[in-house]
Structures are given as structure tokens and as C-alpha cells.
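To start, the structure itself, in C-alpha cells.
Remember, it's a predicted structure, so these values are computed and weren't measured experimentally.
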Amino acid sequence: KRSDNLYLAFVLCYTLSRMYFAYWSLVVLSQVWEVLQNGAGARVMPFWAPYCAASLQILLFGVNATFVATHWRKLLKRSKRDEKSE
């Protein structure tokens, strides 16, 4: 079916984009870790900024991971439904 193929393409593209987001999350968390270990250096920021950045990034990662899992479950459910109807 066309809609199933389009949904598969969406899930694959969405998963790839969220994999890049996971990579970016690691970059942000490594920057936060560096600031917490070595200090802000020449950067000017409030003391709470690294904690805010880390907590926001972790929460966004969790939401994105949940959405990816939801779409994969839906895709697998569709696949099983289609196998039964054949």
C-alpha cells in the first residue's frame, strides 16, 4: 500500500534525524561536562546555565526517544496486521 510505504519512509527519515539529535545531545553534554570540570574559562554565563543546558537536552532526548519508539511500534503493528490479512 502507498500509505504504508510513505509511513515507512517517514519512520526511517524520522529515526535518522533523531539519531543525529542523539549525537548532538552528546556534543552538548560533553560541552557541559567540560565546563563543570574545568570552569567556564573566558565564557560568561550564570552558574546554573550548564545544569539548565544538560537537563533540557536530556529531557528533549527522552521525548524524542519516546516518539521514535512509538512510531516503530506503530509500524510493526501495521506490518503484523498486513501479514494476517494476506
Side-chain angles (χ1 to χ4, degrees):
K1 292 180 186 176
R2 179 172 156 77
S3 66
D4 288 341
N5 290 337
L6 288 174
Y7 188 65
L8 173 61
F10 163 75
V11 172
L12 291 174
C13 290
Y14 185 72
T15 300
L16 287 173
S17 73
R18 298 307 87 191
M19 288 172 68
Y20 179 76
F21 183 82
Y23 163 76
W24 184 250
S25 294
L26 291 174
V27 169
V28 169
L29 292 173
S30 70
Q31 291 172 350
V32 167
W33 182 255
E34 180 184 329
V35 167
L36 292 176
Q37 293 298 306
N38 304 322
R43 300 178 199 106
V44 177
M45 67 180 78
F47 76 93
W48 50 262
Y51 302 102
C52 184
S55 58
L56 176 62
Q57 205 64 36
I58 290 167
L59 289 171
L60 287 171
F61 177 80
V63 168
N64 279 291
T66 301
F67 286 164
V68 167
T70 299
H71 285 296
W72 277 102
R73 275 194 300 276
K74 186 175 177 182
L75 187 64
L76 293 173
K77 190 184 216 181
R78 279 183 170 194
S79 175
K80 287 179 182 178
R81 181 198 67 207
D82 291 345
E83 285 176 5
K84 287 180 182 179
S85 67
E86 290 178 1

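Under a 4.5 Å side-chain heavy-atom criterion applied to ILVMFWY residues, the cluster that includes Trp33 comprises that residue alone. Counting side-chain heavy-atom gaps under 4.5 Å among Ile, Leu, Val, Met, Phe, Trp and Tyr, Leu26 is found in no cluster with other residues.
Residues satisfying the side chain to side chain contact (heavy atoms under 4.5 Å, CB included) criterion with Ser30, sequence neighbours excluded, are absent altogether. For Phe21, the ring pair (Phe, Tyr, Trp, His ring centres under 6.0 Å) criterion is met by no residue, not counting sequence neighbours. Looking at residues two or more places apart in sequence or on another chain, you find a side chain to side chain contact (heavy atoms under 4.5 Å, CB included) between Glu34 and Asn38, Arg43. Considering only residues two or more places apart in sequence or on other chains, Arg2 meets the salt bridge (charged side-chain N to carboxylate O under 4.0 Å, His left out) condition with none of them. Annotation: side-chain hydrogen bond (donor to acceptor under 3.5 Å, both in side chains) contacts of Ser79 (sequence neighbours excluded): none.
Under the 4.5 Å side-chain contact rule for hydrophobic residues, Phe10 and Phe67 share a cluster. Cluster annotation: Leu75 is connected to Val68 through the hydrophobic network of ILVMFWY side chains, with a link wherever side-chain heavy atoms come within less than 4.5 Å.
Note on residues 11-24: pairs passing side chain to side chain donor-acceptor pair (under 3.5 Å), not counting sequence neighbours, are Thr15-Trp72, Arg18-Asn64. For residues 45-70, the set of pairs meeting the salt bridge (Lys or Arg N to Asp or Glu O under 4.0 Å) definition, not counting sequence neighbours, is empty. The list of salt bridge (Lys or Arg N to Asp or Glu O under 4.0 Å) pairs with a residue in residues 45-58, not counting sequence neighbours, is empty. Pairs engaging residues 61-77 under the salt bridge (Lys or Arg N to Asp or Glu O under 4.0 Å) rule: none recorded [sequence neighbours left out].
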Tell me which donor-acceptor pairs under 3.5 Å the side chains of residues 45-63 have, and how far apart each pair is, sequence neighbours excluded?
| unit_1 | atom_1 | unit_2 | atom_2 | d |
| --- | --- | --- | --- | --- |
| Ser55 | OG | Tyr51 | O | 2.9 |
| Ser55 | OG | Cys52 | O | 3.1 |
| Gln57 | NE2 | Ser25 | OG | 3.1 |

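When each of Asp4, Leu12, Leu6 is tested with Leu8 by the rule side chain to side chain contact (heavy atoms under 4.5 Å, CB included), just one qualifies, namely Leu12.
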